[in-house]
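Okay, so here's the structure we're looking at.
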There are 2 protein chains.
Amino acid sequence: MLIDETHPVTADLRLPKVLAALADPARLLMVRALNRVGESSCTRLQQTAGLTISRSTFSHHQRVLRESGVIQVRVSGSQRILSLRRDDLDACFPGLLNAVLHTASKFIET
Amino acid sequence: MLIDETHPVTADLRLPKVLAALADPARLLMVRALNRVGESSCTRLQQTAGLTISRSTFSHHQRVLRESGVIQVRVSGSQRILSLRRDDLDACFPGLLNAVLHTASKFIET
DNA sequence: CGAATACATCGATGGGTATCGAACAGTACG
DNA sequence: CGTACTGTTCGATACCCATCGATGTATTCG
């Protein structure tokens with residue numbers, strides 16, 4: 001199920017791209033926060049994840065996560081609702097998302 | 001158990017570093033080849049993994065994998081024997097290594 | 001000792017990327 | 001309509017990184 005042309009279809013997901021998307025500390029926080037709240041708008045997620053970055057930088061990270069296939073973006077009024085592509089990720093990379101989500105926080109902080 | 005000062009101890013492993021190390025296609029091939037053969041010297045692993053890169057580039061990748069904690073390097077005569085740090089990775093990031101190792105090849109190739 | 005093997009390191013280069021502020025575009029609302 | 005809100009895009013900057021050839025170092029072997 002393709003959302004639109006800005007999201008890759010499941011068959012086009014690639015492990016190196018996904019790993020690179022998850023390798024950034026800010027994006028890792030976004031993904032783990034999304035897992036807790038289910039779905040969220042950009043502004044709200046930025047607060048939930050505790051990110052002190054500019055809105056343009058957040059937008060950049062959102063794009064990287066979306067283009068790698070990690071998250072899904074749905075438009076609702078004036079805001080974009082972000083959510084994890086759990087099923088697609090589990091189908092392509094079994095166990096990967098869970099491993100990233102369940103890693104202890106002490107192994108993430110610098 | 002610390003090998004030497006060029007390897008991080010288990011408590012110092014960090015998820016973003018490990019993910020970044022695994023996010024490169026060449027290094028991903030090295031890790032998956034290491035999983036098949038158990039352990040291997042540099043020259044032999046380069047052939048096993050089917051990598052057509054220069055020796056200096058291979059040495060660079062080996063260093064990244066080592067400094068992130070993904071692999072272990074042991075000196076044996078004039079050669080270095082590489083192997084995965086399975087137990088340490090499983091202890092810090094349960095399920096991550098298996099997920100990377102068991103991902104279908106079609107999701108790795110470009 | 002001398003030659004060959006196995007890797008590491010250095011310096012250079014080109015391409016990627018994280019970051020920001022400023023400017024832009026769409027929606028909601030009074 | 002005009003203001004506020006939500007988010008994207010653009011251009012610039014600084015930094016990181018993958019790659020290579022050349023050089024250096026240690027080990028093995030004859």
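By convention in this document, chain letters (A, B, ...) are assigned in the order of the sequence lines, proteins followed by strands, and residues within each chain are numbered from 1.
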Per nearest nucleotide of DNA chain C, the residue lying toward the 5' end, A/Ser76 or B/Ser59, is B/Ser59
Is the backbone of A/Arg44 close enough, under 3.5 Å, to the side chain of A/Thr48 for a donor and an acceptor to pair up by distance?
yes
Figure out the CG/P separation between B/Leu82 and C/dA8, and round it to whole Å.
8 Å
Expressed as a whole number of angstroms, how long is the span from A/Phe58:CZ to D/dT8:P?
8 Å
Base, sugar-phosphate, or nothing for A/Ser56, non-hydrogen atoms under 4.0 angstrom?
base
Specify the separation, in whole Å, of atom CZ of A/Arg55 and atom C1' of C/dC24.
11 Å
If you look at every strand shown and take non-hydrogen atoms under 4.0 Å, does A/Arg80 touch a base, only sugar-phosphate, or nothing?
sugar-phosphate
Using atom CG of B/Leu51 as one end and atom P of D/dT19 as the other, report the distance to the nearest whole Å.
9 Å
Of the options D/dG21, C/dA18, C/dG21, whose atoms approach the side-chain atoms of A/Ser54 most closely?
C/dG21
Quick one: do A/Thr57 and A/Ser54 satisfy side-chain hydrogen bond (donor to acceptor under 3.5 Å, both in side chains)? Show the steps, please.
CA-CA 5 Å; A/Thr57 300; A/Ser54 71; 3.0 Å; yes
Whole-Å distance between D/dT8 C1' and A/Ile53 CD1?
14 Å
In whole angstroms, the gap separating P of D/dT9 from CD of A/Gln62 amounts to 8 Å
Atom pair distance, as rounded to whole Å: CD in B/Gln79 and P in C/dC7
5 Å
Please test B/Met30 against B/Phe58 for side chain to side chain contact (heavy atoms under 4.5 Å, CB included), starting from the C-alpha separation and ending with a verdict.
CA-CA 9 Å; B/Met30 290 170 65; B/Phe58 184 94; 3.7 Å; yes
Both A/Ser78 and A/Arg63 contact DNA chain D. Taking the nearest nucleotide for each, which residue is further toward the 5' end?
A/Ser78
Provide the closest heavy-atom pair for B/Leu15 versus A/Val100 in the form atom of the first, atom of the second, distance.
CD2-O, 4.1 Å
Ignoring hydrogens and geometry, is there a side-chain-to-backbone donor-acceptor pair from A/His7 to A/Glu67 under 3.5 Å?
no
Can you measure B/His60 atom NE2 to C/dA6 atom P for me and round it to whole angstrom units?
23 Å
Set out, in order, the CA-CA distance, both residues' side-chain angles and the distance that settles side-chain hydrogen bond (donor to acceptor under 3.5 Å, both in side chains) for A/Thr43 and A/Ser41, then state yes or no.
CA-CA 6 Å; A/Thr43 305; A/Ser41 71; 5.1 Å; no
Look only at the side chain of B/Arg74 and the backbone of B/Ser83, and say whether a donor-acceptor pair between them is shorter than 3.5 Å.
no
Considering only heavy atoms, which members of residues 24-40 of chain B lie under 4.0 Å from some atom of DNA chain D?
B/Asp24, B/Arg27
